[in-house]
Every structure is written in C-alpha cells, then in structure tokens.
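I have placed the structure first, in the form of structure tokens, so that the comments after it can refer back to it.
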Amino acid sequence: MQSPLHLLAKAAAVPGGPLPAQSAFAGEVGPYSELDWAASRETSLLRAAGIAALTSAAGAVLGSASSAIPPFEGREAPPANTHAISCLGTILADNSNRRELLPEWLELAELHGVAPLPEYLPGLLDAAHSDKSLRTRVLAVAGSRARWLAMVTQAPNWKWALAAVDIPAANQELVYLFETGGKEERLQALTAIRSQNAAQGLTMVMGVWDKEKWEEKAAFLDCLSTGLSTADEPLLEATLTDRRAEVRHIGAKLLMQIPGSGMSRRFQDRTLPLFAMKKTLLIADRLDVSLPVACDEAMLRDGVLPKAPQNSGMGDRSYWLRQLIAHTRSAALCAHLRISPDKLIHLAWKTEFKDEIIAGLRESAVRFADRQLVTELLRLALSGDQQLKAVGGIESLMLSSILTISELEELTIQTMATGALAAGVALAYEAGKCTAAWSQRFTISVLSLLSTAIRDLPPASVRAYQCRELVSLMARRAQPQYSDAFSGLLTASHASQDWQYFWQKSLDEFTAVMQFRSEMATAFADRKETVQR
Amino acid sequence: MSWTAEQVLALAPDSSSASAGRSLASASRWHGLERDERCLWGDCPGSGSKPYAVQIDLTEPAFKCTCPSRKFPCKHGLALLLIFAAQPNAFGIAAPPPRVVEWIQKRDERQSEKAEKAEAKTPADPVKAAAQQLKRADDREKKVAAGIDELDLWLQDQVRQGLASGKNMSTQTWVNRSARLVDAQAPGLARRIRQLGEATKGLDGMAWVQRLLSELGSLQLLIDAYRNLESLTPDLRETVRGHIGWPVKREEVLSGPTVRDTWACIGTRLSYEEPGIVRRTWLMGTNTGSTALWLSFAPAHQGLEPGIPPGGCIGGELCFYPGSLALRALVKSIEPVPVSITAAEIVAQNDSNNWQTRYAEALAQDPWLQTYPVTINGVTPAWHNNRILLNSADGNAIPLDIWDAYARRLLAFSGGHPVQISGEWDGYVFKPLAAWAGTRCILLCSQEEV
C-alpha cells in the first residue's frame, strides 16, 4: 500500500494531477477527514501533505540495521597522556606551524610505547598519505588500528596502510598474489619473492613481460633491484630497445648497478682511452683528455643523449664526455691512470674540460655510491666559489646519503674549523638536513658558527638568508634539552634596526620551536598523567 | 568541569586565533601561572616591555587580557586555557591577585544588575510608549498578513504548475522568495523557505517531490494556523507567532519563570544565516531532563561571544521562550559546577532508548519543530551503499548526515564498538554533534560556520 504522502506527491508532481480519493486516507492517522476538499485543489493538497509529513516524521520508520563493520579487536599500546596528546593536536591542527615535528612526536611515542588516541588516526593517516616517510612510524605507533581503519573506510588515500600488512611469507601465496592482486600487492609480492629466490622472480617477470603495459613493466623492473645479479642481464639488455623511455632508463640504471655487466664494460672501454697522463721531467704531471669523436649506434642504445641541452653552453662532444664519465667507476679510471682519486680531481681541475669532467664525476659518484669520490668532490666544492659551481652545489652530493651521518658531521666540523664561514654555513645546512637528530658535537660547532655569522654577516645578504634557514633547521634537529643554552647564545643584541628586523623573528621562532620540543619530551616522560579510555 | 583542547578551541572566534593560541600554549613561555577554584591567571610576554596579564573566569568561561587585540577571546586567553587543559598541574594554587579579585567582583555585580534591570525596566512615558508600541505592532501585523497572503498564492502556484516542473529551480528562486518574506517582516518563514533548497538537495525523482511537498504542506498548515490564531491555545499561539518570526523581547523571556539545573552541552553547531553567524548550543538538564536550545548571534566576520563548549557543563538558570514546547531558551545566570561533574556522565545517564517517541511528543507540542536534540545509546557505525549510518541497539538503521572527515573520525573513535552519540534529528536524518565513550567526547561537526 502506498503512503498518503506518496499518493499526494504523485498528484502534486504534474499540473492537474488527479487528487487521491478520500477513501485512500481511511484508516490513516491524522485528521484527513476534516479537510475541506472542495475549497481549492491546491490548498487541500498542501494541507493533506502537511498532515502526512507530520505523521511520517513523528513515526519515521527506520530501515533495518545494515551489515555491521567488523569491530577492532587488535592489540595496541596504551594511549599517551593528555599533555602529549595535546602536543599532537597542535602539530596536526589546520594551518599548524609545527607540522615538521610530527616525526619527532611519533618517534617519542614509539620510544615510550604509547599510542595516539584513536580519533587522531584520520589526521595521522592523512599526513602520512602526503608524506611517505612518515608511514613506517605511523604504523609503528598505531599500526593495528590504523590498518583496521583503512580497511573499514576503504579510503583511497589510506590504501598504503593496508598494503603494509605483513605479506604472507609462503612462496605459493606470493605467486598467487602476483598473478591475481592489484598493482601494489603485485609489486610487494614480487619484491618479497626476489629476496627469497631471485631467479624465480626473474622468471615470473619474464613470463608476463609481453602482456603488461609499460607502467607495470617499469615498476617490475624497479623491483628487480632486490637480488640484482648478472642473471638479470639478458632481460635488462633487452629493455634498452623498449619503446618507452621510462622502461629504457630503469633498465640502463639497473645494468650499471651490476658489477662487471656488459654495459659497464662498454662504457669503461669508451671512457678510459680518452684519458692519459703526461709525465715530464720539467713541468708537473698533466692530464690529457680528448673528446669522443662520435656518438655511434651502440652509445645511443646504451642511453647516451646525442644533443647537449640547449643554452647549456656545452658542445655535443663535451656532453658525450660528461655522460661517459658519469657511467664509469672512478676506481677504473684511477687504476687506468695509476693515480689516487684526490689526484684525479686535482688534475682534472686543471684541464680545459674541467666543468664536464667534474660534473661527470659527480654523477658517477652518486650513481656508484662512491664515498671516497664524494668526499673529494666536497673538498673541491668547499675550496672556492668557482669550484662549488662546477660541482653543481653541495646538495647534489648530499641527497643520496652516501656518506654516513658521522662522516658528514665530521667533514662539516673540519670545514667550519678552518674559518670558512660561507662554506661552513652551506655545508652545515646540507649536512644538518641529512641528519635526523644532531649529535651534541655537531650542534655545538653549528652554534658557534651561527653566533659568529649572526654577528658578522650583513643582514639580508645571501649568506644571512642561508643562516636563517640553518637557525630554523637547528630548531627542529638539535637536541631540545639544550634549548636554554641555545637561546642564550643566539640573542639579538645588535643595535641596528635593520639587524633586529632581519634576525629577531627568526630567533624568536627558534626559541618557540625549541620550547615546544622540550615540552613535548617532558610530556612523554611524565608517566603520572594518563588518559582514561 | 575538566577541559579538552578541542573544547577550548571551539571557543576561538576564528581559525587564525585558534592557531595563534595553540602556538602560545606552552607553559614555559608564561610566568606566574596560578589558579584558584574559579579562576586562572598568568602573564604572557608579548612584543611590548610589559607582559600581558591574562585571566579567565572558568564558570562561564569569561576572558580578560590586557593585550590590544579586538578578538574575543584573544589568543592569550585561549592559550592560557589550552595550557590548563593539557597540564592542570602547571598552575599553582594561590589566592587571586587584586586585579583578578576586582574583575570578579565587577562581573558578579554586573550579573545581578543585569537581572535587576531585566525585572524593572520602565519607560519614561509609559502611556506614549505603549501607544507607539501598539502602532508598530499593528503595522507589522498588516505587513505580515500581506506577506502571508502572497506566500499562500505562491504555494498554490507551485502545486498548480506541478512540483516536478520546479526541479530545475535555482537556489536563487528560494533566495528571492525568502527576501520577499523578510520584507514582509516574517523572518521565520523566510528562513524556512531558504532552507527548502538545502533540505531537498541530493534527492531525486519522487523522493524530491515528496520532500518538497512535505515542507510546502507544513508551511500551508503554518499559514492556516496563523490566520486562525484566535482559536488556538495561548501557548500554541506563541509557538505559531514564533515560527512566523515575531520577535520576543529578551527582557520578557528573562523575566519569565526559570529552570535551575546542571546543564550539559551535548553539541554546538555554527551556521551562517543572513545576515550573520548563528550558534546553536544544545543543552541537557541533569535533574529536570529537559532539553534546551540556546541561540547566539553575531554579525558576519565578527566573532561570537564565547559560549559553552560541547562536552562542557554549567550550573544555572535558563528561561524558556513562551510556546507550547519549551525548547529555545536564554541563559539567565551561571554558577560554577563541581569539577567532579562531567557532561559525559550526564549524557550517559540520560535514558535515550525512546528518542523517537520523545521526538514525536515534541512534534505533538510543536508541529513545526525542525530539529530536536537527541542522544542515542549503543549505536555502532555501519556502511550501506558507501554511506555511513548507525545501527541502533534495537536493530534499526539511523540515516546520517555527516561530513566524510567526521565520519572517519567517528569510525576511528568507536573502533566499530557501540558508542553514545548526540545530534539533531528532524524526522528524516540524524545530524551528529558529538560522540561519547567513557568520560571522553569528540566533536562530529565543524566548529566554523558553514
């Protein structure tokens, strides 16, 4: 039977829709019988609808319960105390200027074995969606509930939390997952198989190779970096002629990572003959460098770009030289010339192709994670502005975390000790960025560097801006228990207005961030205050 | 009551004050953090040579700060309360300094003055004033009557043309129609018309026609009732006049009977309604079991006075507006509540299994009632066609109107286990305000106007 409201709506929907017969309302709750249907069709209809609406709202019939969400039954750490939770609230707030401290909060929570309150999980999952580096930490402090939430909400932005569920180790399940799963799952299964049995992984990739789109091909190739060996060479060599540049790039990159691969030998054979030592009795040793004569088919196939980028000021042949060096291990070059890496750089700097060679060596150092070469290049970069420019900035050598944190800090401290303010600031900033928590020794050297810099550098100069960046970095990375000592040293005591204007805000912010961090540490250490669940 | 950061920030006049308050809320920045039973005070260094002296009366809460900001409460006040929420132990217990004592005295005096004034306000020339008032009322009466006649005609036109033909009506249609009623001095009707567009949004086909027809039908009954005002009971007469938009003087309400109780705030909702911001604060009485709606208004772009945050509670007297259903009220006086009493407890004690019956009873008293506050025990979130809804303990599905972000928050908070929820029910859909479990509560609607 249709409800009165439904009948009335049918009548009201179209012009002149026939009114329902009065008998249709017999037995319905509501004073329908008192309506004067003769008055006006429209008014009667509206009045009846008013009654019907009222009775249907008052007696709203709810649907029957839907399939329930499986409740969260997992284990989790006890919640952090009120103070620590309020720090998290500040960090996650909209327009928060403390966002950068989220990793530290998570680290502290993990250290103290406490979890965020459940209602903060959406905020944490969103934060880790946009910043992948947070994911492991978020899962470490709230993993089971976060996964449950990602599962029940099916939120696309939180899929990563599901994918991070420990993959069943059984090989058969992995194979099944690779054959039937979605892209993320397939990649994880493949990586897992590669670490168990690299040959099996390779066979699986080759088995599906022709059927996949290029995006999958590129992603699968990336997975091969786990358990990479000469056995993978044939497939990788074949990718060098793939139609998609993305696939060719990954193939070439992996081939270069296989020690003694055909590709690396080919590059070596092209590069070494271009270099020779000139030893004379009269003048100092000299490095003779000649440019490659041609870029042949084989070089093109190996991924050498034939044309120098426009406006680079480089000739095509110099560009080939740079690329060849970039694909050659410095050890091979040094052995060929019978000199040490520092000598190589020293001599190269005196040749007419110094810019190309240094740029090539930098790429090679990063590609082969060549620590010695990185160190030597850094030394070169710190020796002068022209050298710094040739190396292409210190940051280009820092990104790949080739040097260990302590090596970096050591190098920085050495540089600062020589009194080179500009180089010290630049290196300290880059080294500081690579280091999650600064050591005490490093912090103290940066601090003394900064107090000199703040005193001496003219405000609003390039270096002064860099220093300000360093101040804000230090606020986030140095150990918070020294915050009082820091703020004492870094006080704006200069008389000039310009100077005050330039530094005051940045130093205030430094103090505020330090205070926040120190309070956060205190909050976690305080075991008395706990939140009731 | 004890405070949470979320409750404190619900008092912020805007989001920039909220974030400024957050960044100032670190105890080591402050000096002389102290409190007694009723007040908090402390000094916050600012850009000037003298630190700002900040003090808070927790009963209301009321703020005072020596900074020049015109925001209210200012970031310093918010920060002080935030510190109190996170680290109550950062405050030493002490006797209030003279500046606090003086301020509190003044506040108390003003309170009692206000009450007296409300009771005894006599115009200079009573006879003339009464005559003027009568004339104004008479003018308004005529305007409203004309406006209602026009609305009646418009309603008939809608039905005559067939409601389905109006499916393509733009929002502007409602806005224009609403403006006509504002001119006719019937703001209550105007608001209803404007909300029509909102209520029918997202519906299609016959469902849309049905919903629209329901609302129009309800308007028709309101028109009928207003035209037959004389035949109604005095209470119902007030209710009908209230829905049309006849104003009731604050003083009149405040001089009426009072209801004294401990009131828990079960949620607030901010909305933008021409020409300003409206905050609905839903209160629930511990002993009387009554529910109340406290409306606060502010012009656009100006902050509201701080009110009672969701999950907070106050003691005091409310005065209800006249009408057949006691719902809308004014807060006449506020008294401190022992810290041991929490809103969560009050809400938990409330027997909420018959919430639909209570709504029906309320409708019987006021057939034009739009939203009604309810709390429901033991609901579990569930999915249905990619929409979240609530499964009630007795096996029903309660449809929800909730933003995605808050739906996920509710899910995280509940963990899929039963929780208690407070919100607004309009006979069609439940709009959550807050969820409760144990002594904790989380907010489920935006604290900024939408």
Side-chain angles (χ1 to χ4, degrees), chain A residues 5-6 8-10 12-17 40 42-43 45-54 56-60 62-72 82-83 86 89-90 93-98 118-119 121-122 145 148-149 152-153 155 512 515-516 518-519 529 531-533, chain B residues 5-6 15 18-19 22-23 25-29 82 85-87 155-156 159-164 206 209-210 213-218 220-221 224 356 359-360 363-364 367 380-384 389 391-392 395-398 405 408-409 411-413 415-417 426-428 438-440 442:
Chain A
L5 196 55
H6 192 91
L8 292 164
K10 269 198 341 205
V14 288
S40 132
E42 286 73 30
T43 309
L45 217 159
L46 283 166
R47 284 178 183 151
I51 298 169
L54 195 58
S56 85
L62 301 174
S64 50
S66 271
S67 51
I69 291 169
F72 171 67
T82 322
H83 192 186
S86 106
T90 305
D94 294 342
N95 334 316
S96 158
N97 50 1
R98 299 279 177 265
E119 60 266 30
L121 282 184
R145 197 182 271 263
W148 172 84
L149 192 59
V152 299
T153 54
Q515 270 172 355
F516 184 85
S518 132
E519 237 169 69
E529 285 180 52
V531 174
Q532 283 179 298
R533 261 238 165 112
Chain B
E6 203 176 42
S15 57
S19 63
R22 270 189 188 277
S23 52
S26 94
S28 47
R29 259 175 179 255
L82 277 170
Q87 305 157 261
L155 284 176
Q156 293 196 32
V159 179
R160 195 171 298 121
Q161 289 158 12
L163 292 182
M206 276 318 271
V209 175
Q210 271 192 37
L213 182 62
S214 311
E215 302 292 336
L216 298 184
S218 180
Q220 178 69 51
L221 294 186
D224 292 346
Q356 272 189 291
Y359 174 67
L363 269 187
T380 36
W383 290 111
H384 182 68
L389 45 74
N391 282 345
S392 68
N396 287 325
I398 305 165
R408 292 200 278 259
R409 196 156 196 243
L411 271 173
F413 180 73
H417 296 285
D426 63 2
Y428 297 90
T439 57
R440 301 200 305 118
I442 58 156

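Excluded from the calculations below are hydrogen atoms, water molecules and symmetry mates; all remaining heavy atoms, backbone and side chain alike, are included. Each chain gets a letter, A, B and so on, in the order its sequence line appears, and its residues count up from 1.
- Contacts between B:Ala85 and chain A at a heavy-atom distance below 4.5 Å involve the backbone alone (N, CA, C, O).
- The two atoms that bring B:Met206 and A:His6 nearest to each other are CE-O, 4.3 Å, heavy atoms only.
- A distance-only check finds a donor-acceptor pair linking the side chain of B:Asn391 to the backbone of A:Ser66 [under 3.5 Å].
- Most heavy-atom pairs under 4.5 Å with chain A, from the set B:Ser28, B:Ala27, B:Ala18: that is B:Ser28.
- The backbone N or O of B:Arg22 lies less than 3.5 Å from no partner atom in the side chain of A:Arg98, so there is not a single donor-acceptor pair.
- Most heavy-atom pairs under 4.5 Å with chain B, from the set A:Pro70, A:Ala68, A:Pro122, A:Gly63: that is A:Gly63.
- Of the listed residues (A:Ala48, A:Ala49, A:Gly59), the one with the most heavy-atom contacts under 4.5 Å to chain B is A:Ala49.
- With a threshold of 4.5 angstrom between heavy atoms, B:Leu411 approaches chain A through its backbone and through its side chain.
- B:Gln156 and A:Thr43 form a side-chain donor-acceptor contact under 3.5 Å, judged by distance and modelled atom types alone.
- If you measure heavy-atom distances from B:Ser19 to chain A, the contacts under 4.5 Å come from the side chain alone.
- B:Leu389 touches chain A through its side chain: at least one heavy atom from C-beta onward sits under 4.5 Å away, while N, CA, C and O do not.
- Atom OG of A:Ser86 sits about 12.5 Å away from atom CD of B:Glu6, to the nearest 0.5 Å.
- For the set B:Ser214, B:Gly395, B:Ala412, B:Ala364, the entry with the most heavy-atom pairs within less than 4.5 Å of chain A is B:Ala412.
- B:His417 places a side-chain N or O within donor-acceptor distance of the main-chain N or O of A:Phe72, the cut-off being under 3.5 Å.
- Considering only heavy-atom pairs separated by less than 4.5 Å from chain A, the leading option among B:Ser26, B:Ala5, B:Pro367, B:Ala397 is B:Ala397.
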Stepwise, does the side-chain contact (heavy atoms from CB on, under 4.5 Å) test hold for A:Leu46 with B:Leu221?
CA-CA 8 Å; A:Leu46 283 166; B:Leu221 294 186; over 6 Å; no
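- How far CZ of A:Arg47 is from CD of B:Gln220: 5.5 Å, rounded to the nearest 0.5 Å.
- Residue A:Ala52: no heavy atom, backbone or side chain, is found under 4.5 Å from chain B.
- Taking the side chain as every heavy atom from C-beta outward, A:Leu62 and B:Gln356 approach each other to under 4.5 Å.
- Within the 4.5 angstrom heavy-atom criterion, atoms from both the backbone and the side chain of B:Leu155 approach chain A.
- Residues A:Asn97 and B:Ser23 have side chains in contact (heavy-atom distance under 4.5 Å, counting atoms from C-beta outward).
- Heavy atoms of A:Leu149 lying under 4.5 Å from chain B belong exclusively to its side chain.
- Residue B:Ala405 does not touch chain A at all, counting heavy-atom pairs closer than 4.5 Å.
- With respect to A:Glu119, the salt bridge (charged side-chain N to carboxylate O under 4.0 Å, His left out) criterion is satisfied by exactly one of B:Arg408, B:Arg440, B:Arg409: B:Arg440.
- Contacts with chain B were tallied for A:Ile51, A:Leu45, A:Thr153, A:Leu8; A:Thr153 has the most, counting heavy-atom pairs under 4.5 Å.
- In this structure, chain B has no heavy atom under 4.5 Å from any part of A:Ser96.
- With chain B as partner, the option from A:Ala53, A:Ala58, A:Pro15 having the largest number of non-hydrogen pairs under 4.5 angstrom is A:Pro15.
- Only the backbone of B:Gln161 comes within less than 4.5 Å of a heavy atom of chain A; no side-chain atom from C-beta onward does.
- Side chains of B:Ser218 and A:Leu54 form no contact here, defined as non-hydrogen atoms less than 4.5 Å apart.
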